[in-house]
Amino acid sequence: LGLAQCLKGNKKDGLSNLQKAKEMGNLQADKLIENTQKTKNYPELLKVVDSLETIGSITPTKAYYWRGYACDKMKRQRLAEFYWKASLDAAENATSSDEMAYYAKSASRLANMLSVRGDYEEGLNAAVPAANKLEELHCDSTSDYLNILIYIGCCQEGLGTANGNSDGFN
C-alpha cells in the first residue's frame, strides 16, 4: 500500500505506511528470533538471524549480538567473542534506543566472558568505553549497563587495580 501510494504521488501517506510496514516487520523479526531462541536450537537461530539480516529486517548490531549468543550457547566462545566485538563495532555511530540496547547486551556478555576467562585487561578495554558511551547517550538505566559496571569491577579486582576496594569483594 505504501509503495503504491508513493508511486501515485501521495508520498506523505505512502512513506508513513511504508514506515508502519517496516516496524511491523521488525516486530515479527524479533518475535521469530525470540521463538527460535526459546527452542534452544542454536544452529537454527544462526540461520534465522542470517536470513533476517539479509532481507534487512534486523540491523547488523542485532544480528551480531544474536550470532554471539548462539555461539556462546554452543560453547564456541572465541566465535562468540568475535561476534560481540563485531556488534560493538557495528553500533559505533548508532544512537537509536534499539541499537543501544543490543550494543549494551553485546558489551555485557563480552565483558562477562572475558572476566570469567581471566582476560581482565581485554575485559576493561571492552567494558569501559561501552559504559562511557551508554552514559553519554543516557542509556544507563538497564540491567545490561549495570552488569557492565559489575564486570568492570571484577576486571579491576582481577588486575589488582580496584583502588583499595578489594575489601568489598571478600
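Below, all heavy atoms of this structure are taken into account, side chains as well, without hydrogens, waters or symmetry copies.
Linking Ile, Leu, Val, Met, Phe, Trp and Tyr residues whenever their side-chain heavy atoms come within less than 4.5 Å leaves Y64 and Y42 in two separate clusters. Residues W84 and I58 share a single hydrophobic cluster, defined by chaining ILVMFWY side chains whose heavy atoms lie under 4.5 Å apart. Hydrophobic clustering (ILVMFWY, side-chain heavy atoms < 4.5 Å, transitive): Y83 and L88 are in distinct clusters.
With a 6.0 Å radius and a threshold of 12 heavy atoms from other residues, nucleotides or ligands, E121 has its CD atom at or below the threshold. Within 6.0 Å of CZ on F82 lie no more than 12 heavy atoms contributed by other residues, nucleotides or ligands.
Residues K73 and K40 are not in side-chain contact: their nearest non-hydrogen atoms beyond the backbone lie 4.5 Å or more apart. Here the side chains of L79 and M74 are not in contact, with every heavy-atom distance at 4.5 Å or above. At a threshold of 4.5 Å between non-hydrogen side-chain atoms, the residues C154 and I150 count as touching. Proximity of L124 to L159: side-chain heavy atoms (C-beta onward) are separated by under 4.5 Å at one or more points. Side-chain contact between W66 and I33 is present, with heavy atoms from C-beta onward closer than 4.5 Å. With contacts defined as side-chain heavy-atom distances shorter than 4.5 Å, the pair T142/L146 does not qualify.
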_Walk me through whether V49 and L52 qualify under side-chain contact (heavy atoms from CB on, under 4.5 Å)._
CA-CA 5 Å; V49 167; L52 291 171; 5.8 Å; no
*Please test M100 against H138 for side-chain contact (heavy atoms from CB on, under 4.5 Å), starting from the C-alpha separation and ending with a verdict.*
CA-CA 10 Å; M100 287 297 93; H138 305 289; over 6 Å; no
*Candidate pair K62 and D98, rule side-chain contact (heavy atoms from CB on, under 4.5 Å), full reasoning*: CA-CA 9 Å; K62 189 181 285 190; D98 190 51; 3.3 Å; yes
_Please determine whether side-chain contact (heavy atoms from CB on, under 4.5 Å) holds for the pair R67 and D50, giving the CA-CA distance in whole Å, both sets of side-chain angles, and the decisive distance to 0.1 Å._
CA-CA 9 Å; R67 287 182 189 114; D50 287 345; 2.8 Å; yes
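By the side-chain contact (heavy atoms from CB on, under 4.5 Å) test, A101 pairs with no residue at all, sequence neighbours left out. In terms of the side-chain contact (heavy atoms from CB on, under 4.5 Å) criterion, residue partners of T95 (sequence neighbours excluded) are, by chain and number, L137. For K47, the side-chain contact (heavy atoms from CB on, under 4.5 Å) partners two or more places apart in sequence, or in a different chain, are E44.
Of all heavy-atom pairs between S57 and A29, the closest is CB-CB, 3.9 Å. The two residues Y145 and D140 have their closest heavy-atom pair at CD2-O, 3.2 Å. Here the shortest heavy-atom pairing between Y103 and A130 reads OH-CA, 3.3 Å. Considering all non-hydrogen atoms of both residues, K133 and A91 come closest at NZ-O, 2.7 Å. Closest of all the heavy-atom pairs between L134 and A104 is CD1-CB, 3.8 Å. Scanning all heavy atoms of the two residues, the minimum distance from A111 to A127 falls at CB-CB, 3.9 Å.
Note on K85 versus E122: salt bridge recorded, some NZ/NE/NH1/NH2 to OD/OE distance being below 4.0 Å.
Of the inter-residue distances, the one linking L45 atom CG with T39 atom OG1 reads 7.5 Å to the nearest 0.5 angstrom. Here the straight-line distance linking atom SG of C71 with atom CD of Q77 works out to 9.5 Å at 0.5 Å rounding. Considering OG1 of T36 and CG of N41, their distance stands at 8.0 Å, rounded to 0.5 Å. The CD atom of E99 lies 8.0 Å from the OG atom of S87; values are rounded to the nearest 0.5 Å. Note that the CZ atom of R109 and the CG atom of D72 stand 6.5 Å from one another [nearest 0.5 Å]. A distance of 11.0 Å separates CD of Q156 from OG of S115, quoted to the nearest 0.5 Å.
Judged by distance alone, the side chain of N147 and the main-chain N or O of S143 form a donor-acceptor pair under 3.5 Å. No donor-acceptor pair closer than 3.5 Å links the side chain of T61 to the backbone N or O of Y102.
Ring pair Y65/Y69 is tilted by interplanar angle, where 30° to 60° counts as tilted.
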